[in-house]
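To start, the structure itself, in structure tokens.
Keep in mind it's a predicted model, so treat the numbers as computed, not measured.
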Amino acid sequence: MHPDFLPTAALWAAVEPLLPAAHRLGRPRVCDRQMFFAIFYVLRAGLQWKALPRCLGVASTAHDRFQRWVAAGVFRQLWVLGLLELHIESRLDWSFQSLDGCQTKAPLGGQAVGPNPTDRGKGGVKRHLLTEAQGLPVGLAVTGANVADVIQVQAVFDSMPVLPSPDTDEFPQGFCADKGHDAKAVRHLIQQRGYVDHIQSRDQEATLCKTPGYRARRWVVERTHSWFNRFRRLLIRWEKQVDNYEALLHLACANIVWKQSLLFG
């Protein structure tokens, strides 16, 4: 079993205190560490729950533990905890934030699924992702594939677990997005939040990149979307319940954030 498909010791150490206490009654249960490794393996390898290798535990037990931890909000808390640690240590780069959406197939349908206008109306889902300047995910919203990016900006802002202090030296921050977010309401919203407007098309940014000293920004969130795609379970959405799907996204966010914390800690 490839070690890249298993969580690091640091990630397990971070999630362990967040896990709900075990019930005392009934037969002895499988340890939480083994179940967390099994859940992470499903996310990373992209396999079905029933295809879980027996050495990682029984598939039904792993899925039941996953559902319990989803209900307890464990995976979002793990992401939030990582961001808070980096934020307190001033290791989040708030000089600009970048927003972009990414569509994914959802053949089983379910909550927050809609007809994909670029895939002959087949069921799809869209993740709207906001990153800071290093590409770390700081905001996330999930909608159907037919929902326009332009109407989800407020929802993404509302999902942010941590916010930069308005009196830091990094302000005013840049807000970077593509033309899909170009609307008066969005520009008014980012003005209210103190952002410098960088909503541009690819051609406009390509032209600006020829300016000496100009730092390209849109590729940052696009690269983070590619990091998400390394978690093969996210390439196609198989979860009908949106809470389960969001939990897998939050676990991917947490892994990206905690890896940053480990690299530069």
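From Ile190, atom CD1 reaches atom CG of Leu99 across 10.0 Å, with rounding to the nearest 0.5 Å. Considering CG of Leu130 and CD of Gln97, their distance stands at 5.0 Å, rounded to 0.5 Å. The CH2 atom of Trp238 lies 12.5 Å from the CG atom of Leu47; values are rounded to the nearest 0.5 Å. For the atom pair CG of Leu129 and SG of Cys253, the computed distance is 6.5 Å after rounding to the nearest 0.5 Å. Here CE of Met35 is found 7.0 Å from CG of Leu52. Values are rounded to the nearest 0.5 Å. Put simply, CH2 on Trp69 and CG on Leu19 are 4.5 Å apart, with the number rounded to the nearest 0.5 Å.
Between the side chains of Glu132 and Gln134, a donor-acceptor pair is found at a separation under 3.5 Å.
In terms of heavy atoms, Leu248 sits closest to Arg233 at CD1-CG, 3.8 Å. Residues Ala112 and Val125 come closest through the heavy atom pair O-CG2, 3.5 Å. Of all heavy-atom pairs between Trp258 and Leu78, the closest is NE1-O, 3.0 Å. Minimum heavy-atom separation, Leu81 to Ala14: CD2-O, 4.0 Å.
A continuous path of ILVMFWY side-chain contacts below 4.5 Å connects Leu163 to Val138, so both sit in one hydrophobic cluster. In the hydrophobic cluster analysis, where Ile, Leu, Val, Met, Phe, Trp and Tyr join through side-chain heavy atoms closer than 4.5 angstrom, Leu108 is grouped apart from Val70. No continuous path of ILVMFWY side-chain contacts below 4.5 Å connects Val113 to Tyr245, so the two sit in separate hydrophobic clusters. Cluster membership for Leu136 and Leu84, using ILVMFWY side-chain heavy atoms within less than 4.5 angstrom, is shared. Linking ILVMFWY residues whenever their side-chain heavy atoms come closer than 4.5 Å, directly or via other members, leaves Leu43 and Ile236 in distinct clusters.
Side chains of Phe37 and Pro7 form a contact here, defined as non-hydrogen atoms less than 4.5 Å apart. Under the 4.5 Å side-chain criterion, counting only non-hydrogen atoms from C-beta, Phe36 is in contact with Leu251. Under the 4.5 Å side-chain criterion, counting only non-hydrogen atoms from C-beta, Gln103 is in contact with Thr118. Contact check for Lys105 versus Lys122: no side-chain heavy atoms found under the 4.5 Å cut-off. Side-chain contact between Val196 and Phe175 is absent, with no heavy-atom pair separated by less than 4.5 Å. In this structure the side chain of Val74 reaches within 4.5 angstrom of the side chain of Pro20, judged on heavy atoms. Counting only heavy atoms from C-beta outward, the side chains of Leu11 and Phe40 approach each other to under 4.5 Å. Two residues are said to be in side-chain contact when any heavy atoms from C-beta on lie closer than 4.5 Å; Phe75 and Leu249 fail this criterion.
Put simply, the side chain of Gln67 never gets that close to the backbone of His63: no donor and acceptor are under 3.5 Å apart. No side-chain donor-acceptor contact under 3.5 Å links Gln77 to the backbone of Val80. Side chain of Gln173 to main chain of Phe96: no donor-acceptor pair is present (N/O by atom type, distance under 3.5 Å, no hydrogens or angles). A donor-acceptor distance shorter than 3.5 angstrom exists from the side chain of Trp79 to the backbone of Pro137, with no hydrogens or angles considered. Of the possible donor and acceptor atoms, one in the side chain of Arg237 sits under 3.5 Å from a partner among the backbone N and O of Lys240. The closest donor-acceptor contact from the side chain of Arg127 to the backbone of His225 lies under 3.5 Å. In this structure a side-chain-to-backbone donor-acceptor pair under 3.5 Å is present from Thr224 to Gly135. Not one N or O on the side chain of Thr104 forms a donor-acceptor pair closer than 3.5 Å with the backbone of Leu235. Here the side chain of Asp93 pairs a donor or acceptor atom with the backbone of Ser95 at under 3.5 angstrom.
Note: Trp49 and Phe66 meet the aromatic proximity criterion, with ring centroids under 6.0 Å apart.
Annotation: salt bridge (charged side-chain N to carboxylate O under 4.0 Å, His left out) contacts involving residues 32-49, sequence neighbours excluded, comprise Arg29-Asp32, Asp32-Arg65.
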Original post:
What do the steps show when you test Leu189 against Tyr195 for side chain to side chain contact (heavy atoms under 4.5 Å, CB included), and what is the final call?
Top reply: CA-CA 9 Å; Leu189 176 62; Tyr195 289 104; over 6 Å; no
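Taking the charged nitrogens against the carboxylate oxygens, Glu246 and Arg76 have no contact shorter than 4.0 Å, which rules out a salt bridge.
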If you look only at distance, which donor and acceptor atoms sit under 3.5 Å apart when one is on a side chain in residues 144-158 and the other is two or more places apart or in another chain?
residue: Asp149; atom: OD1; partner: Lys126; partner atom: NZ; Å: 3.2
residue: Asp149; atom: OD1; partner: His128; partner atom: ND1; Å: 3.4
residue: Gln154; atom: NE2; partner: Asp158; partner atom: OD1; Å: 2.9

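For Gln48, the CD atom is loosely surrounded, since the number of other residues' heavy atoms within 6.0 Å does not exceed 12.
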